[in-house]
Amino acid sequence: MTSSKLRGRSRRAGPQVSARVVLAVLGGTTGFVWLVLPGMTTRTDAPVAITSPAASSPAAAAPTEDGASTADLVLPLVAVGAAGALAGYGYVRRVRRARTRTTPGGAALSPPPVEPRVPDDRARAALVAADDRVRAARDELGFPRELFGAEALAPFAGALREAERELAAAFRMRQRYDDGVPQEPAARRQALAGIVGRCAEAERRLDAAADGFRRLRGLEQGVGAALGVAEARFRELTGRTAAAETVLGELRERYAATASASVTGYVEQAKDRLVFATVRLNQARQADDTGHPEEAARQLRTAEGAVAQAAVLVEAVERTAGELREAAGLIPAVLTGAEAVLAPLRDTAGTGGEALAHVLHADAVLSSVRHELTSGRPYDPVGVLRRVVRAIAAPDAARAAVLTAAARLTARSSTAAAAGFVATHRGAVGAEARTRLAEAHRLLTAGDSAEADALALEARALAEQDVRVRGNPYTEAPVPATAHTAGTAGAVLGGIVPAQDPENAHPAGFTGRPAASEAPPGA
């Protein structure tokens with residue numbers, strides 16, 4: 001490409017150089033003629049006849065010779081100057097015209113185009129939109145498995161995994177961007193563009209599978225079988241929600257308040273999602289019975305989204321109870337392992353410095369934990385493990401398998417808690433909390449439990465802050481309550497339906513935005 005540009009420049013420069021040469025030669029020739037011509041026409045060796053006596057006087061002859069000599073010198077100089085001026089003018093004019101041309105011939109002299117900047121807000125919005133889409137698709141994929149089996153759903157599960165990989169790469173780029181990498185302004189603009197591109201590719205993967213997924217489910221031809229699956233799952237969750245309420249009460253009695261703080265209010269939210277699902281399931285059946293299959297499909301997909309979120313909330317309570325039991329059983333072994341790690345450190349701590357400070361801090365934490373365990377008051381088992389693991393953090397701690405297990409348990413607990421909160425409040429959670437959560441997942445998979453735990457706790461705190469600051473993005477219009485589905489506010493907060501038109505939309509998922517036939521009027 002570079003050689004072609006040079007050849008193009010040489011071809012364009014050829015006429016300009018030729019024109020300058022011609023003008024210069026013309027000017028030089030003119031000057032030469034003017035300089036030589038007087039010598040050729042004035043001969044001193046031949047006598048000239050004198051017709052007037054007055055003309056032969058010396059006083060009359062001198063001015064004539066002086067005037068001829070001055071003219072002979074000035075005129076060639078003027079001609080040469082004029083020719084040079086013309087050549088310079090032609091050159092400048094051609095250069096200016098070449099720089100301002102829009103034809104292919106002048107493109108080489110045009111300045112390179114400036115790449116459009118991608119605003120930070122646009123990159124954040126792209127992350128949120130793609131994350132919502134992937135989460136909704138994951139929920140949507142869970143319902144038809146009972147009807148069609150894993151083999152029939154394999155292509156769509158593959159498309160979802162590809163979308164998840166693209167989204168994970170986008171979140172990784174965002175985390176590095178937030179960490180200040182890269183530092184150069186141009187490279188940072190490039191990173192933002194890369195984030196937007198990755199998010200677009202994640203959604204494109206789901207778009208490519210949307211038509212096939214729609215045909216497989218066949219909801220627009222009838223929702224009978226799919227509706228039965230959703231109703232069965234709804235009934236199962238109704239029973240589990242009641243059981244989860246009992247479990248949560250037991251956790252509050254047995255452990256400290258911090259132990260179950262991550263799932264406080266989850267039972268009530270699960271009930272709210274199920275109320276919303278009840279209304280939409282009934283509307284789906286009515287629409288199907290009256291011959292409106294597209295309306296029935298839309299209502300069913302919305303109900304499925306609500307049922308899926310109710311399951312996340314109930315499972316969070318059940319998982320928390322299991323983690324607390326596991327942590328409580330692990331504490332004695334963790335204390336023993338901590339002492340084993342500290343023993344060799346105490347031998348070297350006598351020299352003072354950081355080693356001594358580390359041992360003193362660890363001993364203080366272990367003493368506090370033992371006092372808490374023997375006081376008879378409720379405590380937080382996961383919190384106790386986190387305190388011990390952080391206090392013993394040292395190179396030698398890697399040799400204590402029990403401490404490694406404890407660190408992984410605390411990281412897994414905090415990451416799952418943050419993931420559940422983001423999933424059920426994604427209508428208000430922004431890109432920063434989602435980015436920290438994605439990074440916590442990546443580090444947990446990589447085995448960096450300590451950093452994963454810290455980022456997961458940060459993600460949960462950021463997500464809760466988003467909900468407090470933004471509140472519920474849905475504000476009911478001043479119309480009769482019967483115009484809104486019960487539980488709509490919770491469904492909007494959960495990102496199941498958009499705040500702009502919650503009554504006429506469904507979760508994005510594989511199908512993306514509502515099709516033209518399903519779009520609400522004026523959308």
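Bear in mind that the values here come from a model prediction, so they are computed numbers and not experimental data.
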Please name the pair of heavy atoms, one in Val388 and one in Ala338, separated by the smallest distance, quoted to 0.1 Å.
CG1-CB, 4.1 Å
Are any of the side-chain heavy atoms of Pro381 and Ile331 separated by less than 4.5 Å?
yes
Using 0.5 Å steps for rounding, measure from the CG atom of Leu216 to the CZ atom of Phe148.
4.5 Å
Is it true that Asp120 and Arg189 have a side-chain N and a carboxylate O under 4.0 angstrom from each other?
no
Could you tell me which non-hydrogen atom of Asp272 sits nearest to which non-hydrogen atom of Gly490, and how far apart they are?
OD2-CA, 3.5 Å
Heavy-atom count check: over 12 atoms from other residues, nucleotides or ligands less than 6.0 Å from Glu268 CD?
yes
If I take atom CD1 from residue Ile392 and atom CG from residue Leu342, how far apart are they, to the nearest 0.5 angstrom?
4.0 Å
Output, in order, the C-alpha distance, side-chain angles, deciding distance and verdict of side chain to side chain donor-acceptor pair (under 3.5 Å) for Gln309 and Thr424.
CA-CA 6 Å; Gln309 282 204 7; Thr424 54; 5.6 Å; no
Is the shortest side-chain heavy-atom distance between Leu227 and Asp288 below 4.5 Å?
no
Nearest heavy-atom approach of Ala419 to Leu437 is CA-CD2, 3.6 Å
What is the distance from atom CG of Asp380 to atom OH of Tyr255, rounded to the nearest 0.5 Å?
9.5 Å
So for atom CZ, which belongs to Arg387, do other residues, nucleotides or ligands contribute more than 12 heavy atoms lying within a distance under 6.0 Å?
yes
NZ/NE/NH1/NH2 to OD/OE distance under 4.0 Å, Arg346 and Asp363
yes
Would you mind reporting whether Val492 and Pro498 have side-chain heavy atoms less than 4.5 Å apart?
no
So do the side chains of Ser262 and Arg460 get within less than 4.5 Å of each other, counting heavy atoms only?
yes
Tell me the closest heavy-atom pair linking Val402 and Leu330, and the distance in Å.
CG2-CD1, 4.0 Å
Per salt bridge (Lys or Arg N to Asp or Glu O under 4.0 Å), Glu304 is matched among Arg217, Arg138, Arg298 by Arg217
Val307 and Arg273: CA distance, side-chain angles, deciding distance, side-chain contact (heavy atoms from CB on, under 4.5 Å) verdict
CA-CA 7 Å; Val307 170; Arg273 301 295 195 277; over 6 Å; no
Pairing of Glu245 and Arg252 as salt bridge, 4.0 angstrom limit:
no
Without swapping roles, check the side chain of Asp179 against the backbone of Val181 for a donor-acceptor pair under 3.5 Å.
no
For the student: nearest non-hydrogen atoms of Val314 and Ala270, plus distance
CG2-CB, 3.9 Å
Rounded distance (nearest 0.5 Å) linking atom OG of Ser413 with atom CD of Glu326
9.5 Å
Give the intermediate values and the outcome of side-chain contact (heavy atoms from CB on, under 4.5 Å) for residues Leu167 and Arg198.
CA-CA 6 Å; Leu167 182 60; Arg198 289 281 192 173; over 6 Å; no
Residue among Arg174, Arg176, Arg172, Gln175 satisfying side chain to side chain donor-acceptor pair (under 3.5 Å) with Glu439
Arg172
Closer than 3.5 angstrom, by distance alone: can the side chain of Arg408 be matched with the main-chain N or O of Leu403 as a donor-acceptor pair?
no
Test item: Thr374 side-chain N/O and His371 main-chain N/O as donor-acceptor pair under 3.5 Å
yes
Near Arg240 CZ, under 6.0 Å, is it more than 12 heavy atoms from other residues, nucleotides or ligands?
yes
For residues Leu219 and Glu294, determine if any side-chain heavy atom of one lies less than 4.5 Å from a side-chain heavy atom of the other.
no
Pairwise side-chain contact, Phe213 with Leu141, heavy-atom cut-off 4.5 Å (strictly under):
yes
Once ring pair (Phe, Tyr, Trp, His ring centres under 6.0 Å) is applied, do any residues pair with Phe421, and if so which ones, sequence neighbours excluded?
His425
Start with the C-alpha gap between Glu503 and Arg280, add the side-chain angles, then the distance that decides, and say whether salt bridge (Lys or Arg N to Asp or Glu O under 4.0 Å) holds.
CA-CA 10 Å; Glu503 297 298 326; Arg280 292 305 178 100; 3.5 Å; yes
Would you compute the distance between atom CG of Leu324 and atom CZ of Arg254 and round it to the nearest 0.5 angstrom?
9.0 Å
dist Arg386:CZ -> Ser414:OG (nearest 0.5 Å) comes out at 5.5 Å
Assess Arg233 against Phe143: is NZ or CZ under 6.0 Å from the centre of the six-membered ring, and within 45 degrees of the ring's axis?
yes
Flag side-chain contact, heavy atom, 4.5 Å: Glu432 against Arg124
yes
Within the side chain of Glu295, is there an N or O that forms a donor-acceptor pair under 3.5 Å with the backbone of Ala284?
no
Can we say Glu372 and Arg377 salt-bridge, meaning some charged N sits less than 4.0 Å from an Asp/Glu carboxylate O?
no
Report the C-alpha separation of Arg470 and Glu464 in whole Å, then their side-chain angles, then the decisive distance to 0.1 Å, and conclude whether the salt bridge (Lys or Arg N to Asp or Glu O under 4.0 Å) test is met.
CA-CA 10 Å; Arg470 302 180 188 183; Glu464 290 178 348; over 6 Å; no
Taking all non-hydrogen atoms of both residues, which atom of Thr302 and which atom of Ile496 are closest, and how far apart?
O-CG2, 3.8 Å
Arg188 charged N/C atom sitting above Tyr177 aromatic ring, 6.0 Å / 45°:
yes
Carboxylate-amine/guanidinium contact Arg370 Glu339, below 4.0 Å:
yes
Step-by-step side-chain contact (heavy atoms from CB on, under 4.5 Å) determination, Asn282 to Gln299:
CA-CA 9 Å; Asn282 290 336; Gln299 298 290 359; over 6 Å; no
Checking side-chain contact (heavy atoms from CB on, under 4.5 Å) for the pair Leu313/Val267: CA distance, chi angles, key distance, verdict?
CA-CA 7 Å; Leu313 293 163; Val267 171; over 6 Å; no
Evaluate the salt bridge (Lys or Arg N to Asp or Glu O under 4.0 Å) criterion for residues Arg204 and Glu166: first the C-alpha distance (whole Å), next the side-chain angles of each, then the deciding distance (0.1 Å), finally the verdict.
CA-CA 10 Å; Arg204 191 194 68 78; Glu166 293 292 338; over 6 Å; no
Verify, without hydrogens or angle tests, whether Thr320 (side chain) and Ala316 (backbone) share a donor-acceptor contact under 3.5 angstrom.
yes
Under-4.0 Å salt bridge between Asp139 and Arg135:
no
Between Val497 and His506, is any pair of side-chain heavy atoms under 4.5 Å apart?
no
Salt bridge check, Asp131 against Arg426: does any charged N sit closer than 4.0 Å to a carboxylate O?
no
Between Arg390 and Asp453 (salt bridge meaning N to carboxylate O under 4.0 Å), is one present in this structure?
yes
Applying salt bridge (Lys or Arg N to Asp or Glu O under 4.0 Å) to Asp448 and Arg442, what does each step give before you reach the verdict?
CA-CA 9 Å; Asp448 190 349; Arg442 188 188 71 83; over 6 Å; no
